[in-house]
Enquirer: 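To start, I am sharing the structure in question, which I have written as structure tokens.
Each ligand, and each atom within it, is numbered from 1 in the order the structure gives. From a predicted model like this one, the values you see are computed outputs, not experimental measurements. Side chains are part of it too, since the values below use all heavy atoms of this structure and drop only hydrogens, waters and symmetry mates.
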Amino acid sequence: ALAAAARCRVELIGRTPLDDGTGGYHEPAHATDLPALRAALAARGGLSIAEIEREAGRVLARREIAATLAEVHDAGGRAGYRALDVRDAEAVQQAVKETYATYGRIDGVVHAAGVIEDRLLAEKDPVSFERVYGTKVDGARALLSALRRLPQLPAFTVMFGSVAAVYGNRGQADYAAANDALARLGRLWRSDTGSRTVTVHWGPWAPVGAHGGMVGPELGREYARRGIELIDPEEGVLALLRELAWGEPETDEVVLTASGR
Ligand SMILES: NC(=O)c1ccc[n+]([C@@H]2O[C@H](COP(=O)([O-])OP(=O)(O)OC[C@H]3O[C@@H](n4cnc5c(N)ncnc54)[C@H](OP(=O)(O)O)[C@@H]3O)[C@@H](O)[C@H]2O)c1
């Protein structure tokens, strides 16, 4: 949507390496969804169930990145991708510095990295809590500290939060805390630097095409049972663009949902 609106260049970051690192490896191209991929990988033999699951996830992640790069291009923008962990402050600093040096500007930043590992609080393992919390919070800290060193701050920074931070959600104490802390970091950053920063606490999005997102079929059914509508992805991105174009620059947090809850 940003590429279509502004014909801009988009630098994407994720942990997944685009190159699978295996040289002559041939991906099961005919297998287009997770069950088909699992079956194709199992048929090759020699992989444990856990390895099949990991490899299938990697294949889907690489395909999603390729699809996103193609979509940005088709929308009239240009796109690049770097594999790094946003919790790695040094790697983030390097990426931001290089991007600024190459293009002479960074106009906008969207921190949308996130993972969920839902469990009731009594069953949460601290390492898992740290992964969920750190991806949002350490990631934001790394990003903001890298931006602080630039000669010029971006015109806008968007943090992807969640309604879980606003209303809570069963099994998501870590994720709710992470998104709440993320919004606070955004607020402090705006008051400290004066740079436009907004946290969008999204309701659940409907999956589309290669972009399954966090709401899998099971979670989708649970939302339907509770009468919670999913955000149409086209509407979602337009809502964000509207917020950036017309929202009050002093607004630190907004809640955007399809069904008002
Ligand atoms: N989908 C929803 O309904 C929904 C609702 C509310 C809020 N949100 C928020 O929206 C954002 C995007 O969600 P989504 O549904 O699109 O989920 P997704 O498909 O799982 O995307 C999450 C993205 O974050 C990246 N990522 C995760 N950990 C990372 C790390 N440590 N370093 C760098 N990149 C990392 C992932 O790439 P790699 O795996 O390659 O690292 C992936 O591209 C998240 O922040 C989520 O909390 C989503």
Side-chain angles (χ1 to χ4, degrees), residues 1 10-20 34 54 56-69 71-72 79 81-92 95-96 109-118 128 130-143 146 158-169 172 174-183 185-186 199-220 222-224 228-233 235-237 239-240 253-259 261:
V10 183
E11 287 291 308
L12 298 163
I13 287 175
R15 291 162 305 173
T16 304
L18 255 190
D19 170 8
D20 66 22
L34 190 56
R54 267 198 302 277
R58 278 196 287 261
V59 170
L60 288 180
R62 283 198 296 271
R63 286 182 188 169
E64 182 172 2
I65 296 162
T68 306
L69 294 174
E71 282 161 26
V72 170
Y81 175 80
R82 286 166 193 261
L84 65 89
D85 190 319
V86 79
R87 294 169 298 174
D88 179 344
E90 224 169 277
V92 171
V96 168
V109 174
V110 180
H111 175 34
V115 292
I116 47 172
E117 300 185 18
D118 297 2
S128 163
E130 188 45 42
R131 259 194 309 270
V132 172
Y133 190 83
T135 304
K136 293 267 171 169
V137 177
D138 297 344
R141 284 207 179 99
L143 205 49
V158 179
M159 307 286 191
F160 270 32
S162 164
V163 284
V166 183
Y167 302 121
N169 203 12
Q172 292 195 327
D174 46 4
Y175 185 65
N179 284 295
D180 187 43
L182 179 71
L185 283 177
T199 298
V200 181
H201 292 300
W202 296 107
W205 283 56
V208 62
H211 310 294
M214 284 184 175
V215 180
E218 200 181 315
L219 205 50
E222 171 61 14
Y223 284 128
I228 296 175
E229 286 171 51
L230 301 183
I231 295 172
D232 174 315
E235 288 296 323
V237 289
L240 175 55
E253 291 174 66
V254 291
V255 177
L256 294 177
T257 65
S259 48
R261 44 185 175 143

Enquirer: Could you check whether any side-chain N or O of T257 sits under 3.5 Å from a backbone N or O of G203, counting only pairs where one atom can act as donor and the other as acceptor?
Expert: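 Judged by distance alone, no pair lies under 3.5 Å.
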Enquirer: Using salt bridge (Lys or Arg N to Asp or Glu O under 4.0 Å) as the criterion, list what pairs up with D85, not counting sequence neighbours.
Expert: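 Salt bridge (Lys or Arg N to Asp or Glu O under 4.0 Å) check on D85 returns R87.
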Enquirer: Could you list the residues that satisfy side chain to side chain contact (heavy atoms under 4.5 Å, CB included) with V166, not counting sequence neighbours?
Expert: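 For V166 the side chain to side chain contact (heavy atoms under 4.5 Å, CB included) partners, ignoring immediate neighbours, are H201, V255.
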Enquirer: With a 4.0 angstrom cut-off on heavy atoms, strictly below it, pick out the residues next to ligand 1 and order them by chain and number.
Expert: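 Residues near ligand 1: G14, R15, T16, L84, D85, V86, R87, A112, A113, G114, V115, T135, K136, F160, G161, S162, Y175, W202, G203, P204, W205, G213, M214, V215.
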Enquirer: Going from OG1 on T135 to CZ on R15, what distance comes out if it is rounded to the nearest 0.5 angstrom?
Expert: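 Interatomic distance, T135 OG1 to R15 CZ, rounded to 0.5 Å: 6.5 Å.
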Enquirer: Can you see which heavy atom on V215 is nearest to which on P204, and at what distance?
Expert: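 Smallest interatomic distance, heavy atoms only, reads CG2-CB, 3.9 Å.
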Enquirer: Using the side chain to side chain donor-acceptor pair (under 3.5 Å) criterion, which residues pair with S128? Sequence neighbours excluded.
Expert: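 Once residues adjacent in sequence are excluded, the partners of S128 under the side chain to side chain donor-acceptor pair (under 3.5 Å) criterion are E117.
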